[in-house]
Amino acid sequence: MSKADEIFQRRMNRHHDELRWLYMELYQNGDMFAELCETMHEYYKKRRQQLKNRDERREENPGWFKKNDMLGMMMYIDNFAGNLNGVKEKLPYLRSANVNCIHLMPFLDSPKGRSDGGYAVADFRRVKPELGTMEDLADLADACHKKDMNLCMDFVMNHTSEDHDWAVRARQGDGEYMSRYFFYDNYDIPGKYEETVPQVFPTTAPGNFTWLPDAGRYVLTTFYPYQWDLNYKNSRVFNEMMYNFLFLANQGIDIIRIDAVPYIWKELGTSCRNLPKVHTIVRMMRMIGEIVCPSVLLLGEVVMEPEKVVPYFGTVEKPECHMLYNVTTMATTWNCVATRDIRLLKKQMDIVNALPKEYTFLNYLRCHDDIGWGLDYPTLQQWGMQEVPHKRFLNDYFTGRTGSVSRGELYNDDPVTQDARFCGTTASMCGVESALDVHDPARLEEAVRMDLMLHAYMLTQSGIPMLYSGDEIGQLNDYSYKEDPDKAPDSRYVHRGAFCWELAENRGDTDSVQGRIFQGLNKLEKIRKREKIFEASADTYTYDVHDDSILCIMREKDGEKFFGIFNFSDQERTAWMQEDGAFVNLLTGEEIVVKDILMPAHDFCWIKNM
C-alpha cells in the first residue's frame, strides 16, 4: 500500500463505522454506500499533490482558521474584476486590504434571467463561460495559496436550476430523474405541504410548488419556480451531490459555503426547516470532507436565531459545520443604528459569548442579500415595541423616509403583512450617500465615523470578520440595476454594483471618503492581527456603562484587558465606567484614564491595559 493510500485508509478507518451507520439509517442501501466509499477514494487519488500537502498541514493545525489575522471579503467576480483571471490579477489589491479569505459569490453555470444571482445552478462542474473555466478556478486557487490566501465558494445543495440535466430529463417524464425531485400529478399532497410550510418569498414567489403545464405535474420549488428542490430521501441524490462537493474541493476551494442548509430535508406535516435528518446529512458531509480533503471547511448558511443556529455546529465529539454566520447579530446591529438603543444587541451578544469557544461565527455588517428584520420581538415588546410597527419604522428609517441619513430600497415589500426587507450598502446606510448629495462636510464626517465605528465593532467580536466588496472604500448604492430588465425586479442589486476601481485609486488619500475608510480599516485590521487580546481563546463579555446608547465589549486574556466602546447615538454620550491601572488607546498610542469616557456621536475607542 502506498503512503497516499495509507493516509486515506487511516482517515477512512477513523470515520467508517459512524459514516456507514448514519448512511444505512438514512438509506438502507449497502451497495450505494460501497459506491460512495469507492468514489471518495477516486477523488482522493485525483486530488493534486499540493492540495494533499495542504490537507496534511492543516490536519496538524485544525484550528488554523481561528487565528485573529483572518479577514474575509465577499464579492461577485464580474463586478469586482470581470472574470476569474481578473480576480487573480487583483490579489495584490486584496492583500493590501489585509484580506486572506475570498468568498466568490455564485459562479457556476446558471441560466440568464433565471439564476437568482447564481443560486439556480444548471451545471455543478462548469463555470459560467463569461467568468472563465474550471481550469481558471484551479489557477486562482493556486495563486491564492501561494499568497497564503483562502478561497470560498457557494455549494447550492437544496435545489438545482430547471435547466439542470436532471431537471430536463425529469420534465420529460424519466422516472429515474423525477425521483430526484418532488413531483406530484395533482395538488393533494402539495396542498398538505402548504398547510405547514412557510413561504420564503410570499410577494415575488408565493407558494412552495410550481405547476408545469408541459409535464402535467407539480414540483416542489421552495425559493423560485425555476429552482427545483432536490429529494435527499433518494440516496442517488446524496451520492451525486457529494461527488460534486468533492469535485469542487479538488479545484482548490478551501471553504465550502452550504447554501440554505436548514431546508435540505423535507417531511410532510412539518415546516421542512431544521429537521433532524438535515444534521445527519451535514455530519456525513463533514466526515466525507475529513476523509478526502480535510483542509476544506464547511460554512453553514443558517439564517435563524442563535438557539436554532447552534445545533449546526454539531457537538465537540461529532462536529458538523466548522463555521456559521452570525445573522441575528447583524440584523440587530442595524436595529441599534436606527433606535440608538443597544439593549437587544447586548442581550444577544451575551448569548453568543456564553457559547463554547470551539464555535466559530462569521461576523459581517452586510452581504449580498437583503436584511430581514428577524429580531427578538418578544423582548422588544417588553420595551414597548410591537413587531409590525417596528418593522415599518426600521424600513422607513433606512430608506430615509423619516428624514434619516440612510438611503436604500425595500425588498419583497408585502402590502398585506406590511412586512419588507431592506437593501443598501454599508456606506449608504451610514449616511455617506445622503451627505454627498447635499454637500454637507459635517454630515459626511459623521457618516464616515459611523461607518468605521460599525466596522470596529464587528472586528471586536469573536470569530471571523467578513467585508462585502466595496465596503472597504465606502462604495454607495448603485441604482443602475433598474435599467437592466433581468435585474430591475430585484432591489438587492442596489448593493451589488460593479466595483469602482477609479474611486479605489483614492484609497491612499485620507482627504477622500475612500481613503479615510480604507486607511481607517487598515489600521484596525493590523491592530487586530497584532494584539493577542483578539485571539479566539480570549474571554469576551459585554460591559455595562449605564447608557443604553453605548455598547462596551470587554476582552480578557493572560492578564490583558481590552475595552471596545461604541456610541450608537447621534449625540455625544458618556460611558460611565471606572477601571484602575494604566490604559492605552490602541488607535493613537496615547495613555488614557478609564473613567467616565466622553464619546462623540457615532464614535468608538479601543483601549487596553498597559
Side-chain angles (χ1 to χ4, degrees), residues 73-84 86-87 103-123 126-132 153-154 156 159-164 199-206 210 221-228 257 259-260 301 303 364 366-372 395 398-400 406-415 420-429 433 468-471 473 475-503:
M73 180 178 284
M74 298 173 253
M75 65 178 64
Y76 282 94
I77 295 167
D78 53 348
N79 285 345
F80 182 69
N83 55 34
L84 288 165
V87 175
H103 178 185
L104 302 176
M105 300 308 296
F107 55 78
L108 296 177
D109 202 15
S110 56
K112 182 175 171 57
R114 291 176 291 114
S115 73
D116 185 26
Y119 288 97
V121 179
D123 190 336
R126 186 171 185 258
V127 174
K128 291 180 187 177
E130 64 269 26
L131 299 180
M153 71 168 289
D154 290 80
V156 185
H159 48 261
T160 73
S161 160
E162 64 178 345
D163 287 24
H164 190 280
Q199 300 178 67
V200 176
F201 300 128
T203 305
T204 55
T210 297
T221 54
T222 297
F223 292 92
Y224 284 103
Y226 49 77
Q227 291 167 303
W228 295 6
R257 174 189 177 273
D259 180 65
E301 189 222 8
V303 185
Y364 61 107
R366 290 295 295 111
C367 69
H368 72 290
D369 223 340
D370 56 274
I371 298 177
N395 285 320
F398 285 110
T399 52
S406 176
R407 296 292 180 270
E409 299 193 339
L410 299 183
Y411 176 69
N412 260 321
D413 190 3
D414 189 333
R421 309 176 194 185
F422 181 77
C423 306
T425 69
T426 298
S428 288
M429 292 177 76
E433 180 181 331
Y468 189 73
S469 176
D471 277 2
I473 57 168
Q475 195 150 315
L476 305 179
N477 291 334
D478 183 348
Y479 301 97
S480 66
Y481 79 93
K482 297 180 181 181
E483 300 163 14
D484 184 336
D486 289 335
K487 296 178 179 177
D490 191 339
S491 55
R492 290 176 297 181
Y493 284 102
V494 77
H495 57 254
R496 297 174 179 174
F499 186 80
C500 189
W501 286 102
E502 184 177 347
L503 289 178

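The residues of the chain are indexed from 1 along the displayed sequence.
A donor-acceptor pair shorter than 3.5 Å cannot be found between the side chains of Glu162 and Tyr224. Side-chain atoms of Asp413 and Tyr411 include no donor-acceptor pair closer than 3.5 Å. Using modelled atom types, one finds a donor on one side chain and an acceptor on the other under 3.5 Å when comparing Asp154 with His103. Glu409 and Ser491 are not linked by any side-chain donor-acceptor pair at a separation below 3.5 angstrom, with hydrogens and angles left out of the test.
A distance-only check finds a donor-acceptor pair linking the side chain of Asp478 to the backbone of Ser480 [under 3.5 Å]. At distances below 3.5 Å, at least one donor-acceptor pair connects side-chain atoms of Ser428 with backbone N or O atoms of Asn477. In this structure a side-chain-to-backbone donor-acceptor pair under 3.5 Å is present from His495 to Asp369. Judged purely by atom type and a 3.5 angstrom limit, Asn412 uses its side chain to pair as donor or acceptor with the backbone of Thr204. In terms of modelled atom types and a separation under 3.5 Å, the side chain of Arg366 and the main chain of Gly424 share a donor-acceptor contact.
Under the side-chain contact (heavy atoms from CB on, under 4.5 Å) criterion, Asn79 pairs with Tyr76, Arg496, Ala498, not counting sequence neighbours. Scored by the side chain to side chain donor-acceptor pair (under 3.5 Å) test, Asn83 finds no partners at all (sequence neighbours excluded).
In this structure, Phe201 CZ and Thr222 OG1 are separated by 10.5 Å, a value rounded to the nearest 0.5 Å. Taking CG of Asp471 as the start and CE of Met73 as the end, the distance is 8.0 Å to the nearest 0.5 Å. In this structure, OG on Ser161 lies 8.0 Å from CD on Gln227, to the nearest 0.5 angstrom. The distance from atom CD1 of Ile473 to atom CD of Glu502, rounded to the nearest 0.5 Å, is 10.5 Å. The structure places OG of Ser469 at 10.5 Å from CG of Leu104, a figure rounded to the nearest 0.5 Å. For the atom pair Glu433 CD and Thr425 OG1, the distance stands at 7.0 Å (nearest 0.5 Å).
Within the 4.5 Å cutoff, the side chain of Asn395 has heavy atoms near those of the Leu410 side chain. Between Val127 and Leu84 there is a side-chain heavy-atom pair separated by less than 4.5 Å. You'll find the side chain of Val121 stays beyond 4.5 Å of the side chain of Ser110, heavy atoms only. By the 4.5 Å heavy-atom criterion applied to side chains, Met105 and Phe80 are not counted as neighbours. Between Met429 and Ile371, the closest side-chain pair of non-hydrogen atoms falls below 4.5 Å.
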Practice task
Test Phe223 against His159 for ring pair (Phe, Tyr, Trp, His ring centres under 6.0 Å), laying out the working first.
Solution key: CA-CA 9 Å; Phe223 292 92; His159 48 261; 5.2 Å; yes
Practice task
Please step through side chain to side chain contact (heavy atoms under 4.5 Å, CB included) for the pair Thr426 and Tyr468, ending with a clear verdict.
Solution key: CA-CA 9 Å; Thr426 298; Tyr468 189 73; over 6 Å; no
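Here the closest heavy-atom approach between residue Pro129 and residue Arg126 is recorded as CG-NH2, 3.3 Å. Across Ala205 and Pro225, no two heavy atoms sit closer than the pair CB-CD, 4.3 Å.
Using cut-offs of 30° and 60° on the angle between ring planes, the pair Phe398 and Phe422 is tilted.
Residues Arg114 and Asp486 are not paired through a salt bridge, judged by the lack of any N-O separation under 4.0 Å between the basic side chain and the carboxylate. A salt bridge between Asp484 and Lys482 is absent, with no side-chain N of the basic residue lying under 4.0 Å from a carboxylate O of the acidic one. Here Asp116 pairs with Arg492 in a salt bridge; the nearest charged N to carboxylate O distance falls below 4.0 Å.
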